[in-house]
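Everything on this sheet refers to the single structure shown next.
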Protein chains: 2
Amino acid sequence: MTGIEKKIRSSSAHSPSDNLKKKAKGRPLANDGNVRERILKAAREVFILHSFKAASTRMIAKQAGVEHPMIHYYFGSKEKLFYAMAETIYNETLPVQEAWFDGLERMSLHEGFSLFIDRMLNYTMKTPDALRIAALNAVNIGDIEEIPGFRFILMSMAAMRRIMEEKLKLRGPNREIEMFIYCFFSIMISFVGARSCQAQILNMNPLDEKYRAWVKDASMTLFYPWFKKILIGQ
Amino acid sequence: MTGIEKKIRSSSAHSPSDNLKKKAKGRPLANDGNVRERILKAAREVFILHSFKAASTRMIAKQAGVEHPMIHYYFGSKEKLFYAMAETIYNETLPVQEAWFDGLERMSLHEGFSLFIDRMLNYTMKTPDALRIAALNAVNIGDIEEIPGFRFILMSMAAMRRIMEEKLKLRGPNREIEMFIYCFFSIMISFVGARSCQAQILNMNPLDEKYRAWVKDASMTLFYPWFKKILIGQ
DNA sequence: ATTTTTATTTACCGATCGGTAAATACTAAA
DNA sequence: TTTAGTATTTACCGATCGGTAAATAAAAAT
């Protein structure tokens, strides 16, 4: 049994942890190493259009210009690919989210909140990936963790709460802040993440400035009074 | 051609419009006529758990205790079955929705709005079908009408607007009412229609009273100030 | 040039999908 | 009882799914 094992080739590349120091004799890095990245990018493009279940590895492979077994070669499974993509998006979104709050403390409440919404819409309307993927997948959950990278949504919300508490100098346990952030995320997932549907209901083009203006108007009307109440309550 | 046609049996029952007066000789209504209803009921149970695309006629047939071709026999296609189910739900929801507003005009603004939310949650938490199906399917839309019965969501929102304008004596074009109702539907689709996910984020049981209380609290905080502004603006 | 290792493709597996045709079970009219 | 017509099931179709094994292409090390 052990005698056979040492003859077996690894036959997959998605766990580079093994054979770390074992000097490779064969063909170490012939390809530009961009196939993995191309698959990740393609995965993102496909998972923006289809839920985790509805998307297929064949769609993603086609989008990346490779055959679908390459996905299993580099990532092991559709699930692990989704997780890797979700982690990528989370890591790239985190600093952006933090920057939305820069300098708000030196402005009036209304001016500051308005600027925050503008910054947020500027980014998410151009790069709606995170909100879109959240919208597509959050609904189907029976048991959490059915969607592989679902924890990143929770981490994103927790991060935003931390940033708000830090930058806006909020104190205490403050269940109201949690509620505020949660409602805010829900609305943004609907209005930005599901904009292709939402805009159609309003008879607008989701990419048009008119729809963006509608979303800003609605967000301000819904959340500014609450935001004011939270900050004045300090 | 015509000679052949008159020999062909209808071979399906989903369009009873033809042969209306032609006296049937064979087996008119042997079955209790409940198979169609059983399929409709099963469809509702399945379409609450899975999106239109993710649900399968085989799931529905199994739930109804029949073989899956019966669905095509009675409804013609999965699409037409979904449409029939959506219409059923719409017709049963309409009067309920109207009753939520009964007598509110004789109460204080806060008392009235609070009662409205309670009535709405009492019903939708027990019968979340409409909101759940909206949540499951609204996201996937690229082109509207990809989801067969999508128009019923629009009709439901339009009906609510009409009822509000009538019962609360609102006048004018009032784009703000449209915006209010639209935001309200979005939140309810999230909090009730996708409660299995939402409650898990809050670390609650979606069927527990605690979650219901959270939703009511959030709804009041979000919408009461706006509601007040709309009515006082009259 | 040969060997060794990696990267990629081809060909398949079993499962499931929506849908259909044909066979069959059933029941009421003749 | 026969017959005609309906209700239901069985068996299939082509397509797609996630995943795997094996064949093949490619390149570095020998």
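All chains are named by letter (A, B, ...) in the order of the sequence lines, taking the proteins before the strands, and each is independently numbered beginning at 1.
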* Interatomic distance where CZ belongs to B/Arg36 and P belongs to D/dT6 [whole Å] -> 17 Å
* Asked: Can you check the A/Phe75 CZ to C/dT8 P distance for me, whole Å?
  -> 12 Å
* Structure fact -> Ranking A/Gly65 and A/Arg58 by the position along DNA chain C of their nearest nucleotide, the one closer to 5' is A/Gly65
* Can the ring centres of A/Phe82 and A/Phe150 be said to be less than 6.0 Å apart? -> no
* Listed nucleotide nearest any side-chain atom of B/Pro69, set D/dT8, C/dC17, D/dA11 -> D/dA11
* Asked: If only side-chain N and O atoms of B/Tyr73 are considered, is one of them under 4.0 Å from the OP1 or OP2 phosphate oxygen of C/dT20?
  -> no
* To do: Using a 4.0 Å heavy-atom cut-off across all strands, classify B/Ala61 as base, sugar-phosphate, or nothing.
  => nothing
* Asked: Out of A/Thr124, A/Ile133, A/Leu131, which one pairs with A/Ile189 under the side chain to side chain contact (heavy atoms under 4.5 Å, CB included) rule?
  -> A/Leu131
* When you check the gap from the basic side-chain N to the acidic O, do A/Arg175 and B/Asp217 get nearer than 4.0 Å? -> no
* Structure fact -> B/His68 atom NE2 is separated from D/dT9 atom P, nearest whole Å, by 11 Å
* Classify the nucleic acid contact of A/Ala54 as base, sugar-phosphate or nothing, counting any heavy atom under 4.0 Å across all strands shown. => nothing
* Hey, mind stepping through B/Phe152 and B/Tyr83 against ring-ring contact (aromatic ring centres under 6.0 Å, His included) and telling me if it holds? -> CA-CA 9 Å; B/Phe152 292 116; B/Tyr83 188 91; 5.2 Å; yes
* B/Val66 side chain: which of D/dT9, D/dG18, D/dC17 is closest? -> D/dT9
* Asked: Rounded to the nearest Å, what distance is computed from the CE atom of residue A/Met70 to the C1' atom of nucleotide D/dT20?
  -> 15 Å
* Asked: How long is the line joining NZ of A/Lys53 and P of D/dG19, in whole Å?
  -> 13 Å
* Can you tell me if B/Asn137 uses its side chain to pair, donor with acceptor, with the backbone of B/Phe52 under 3.5 Å? -> yes
* **Atom-to-atom span, CD of B/Glu79 to C1' of C/dC17 - whole angstrom** => 15 Å
* What nucleotide, of D/dT20, C/dG19, D/dT8, holds the atom closest to the side chain of B/Lys78? -> C/dG19
* Asked: Are any of A/Ser56's side-chain N or O atoms less than 4.0 Å away from OP1 or OP2 of D/dT16?
  -> no
* To do: Grab the NE2-C1' distance between B/His72 and D/dT9 for me, whole Å please.
  => 15 Å
* To do: Write down the distance between CG (A/Asn34) and P (C/dT6), rounded to a whole number of angstrom.
  => 19 Å
* Structure fact -> Winner on side-chain proximity to B/Met59, out of D/dG18, C/dC17, D/dT8, is C/dC17
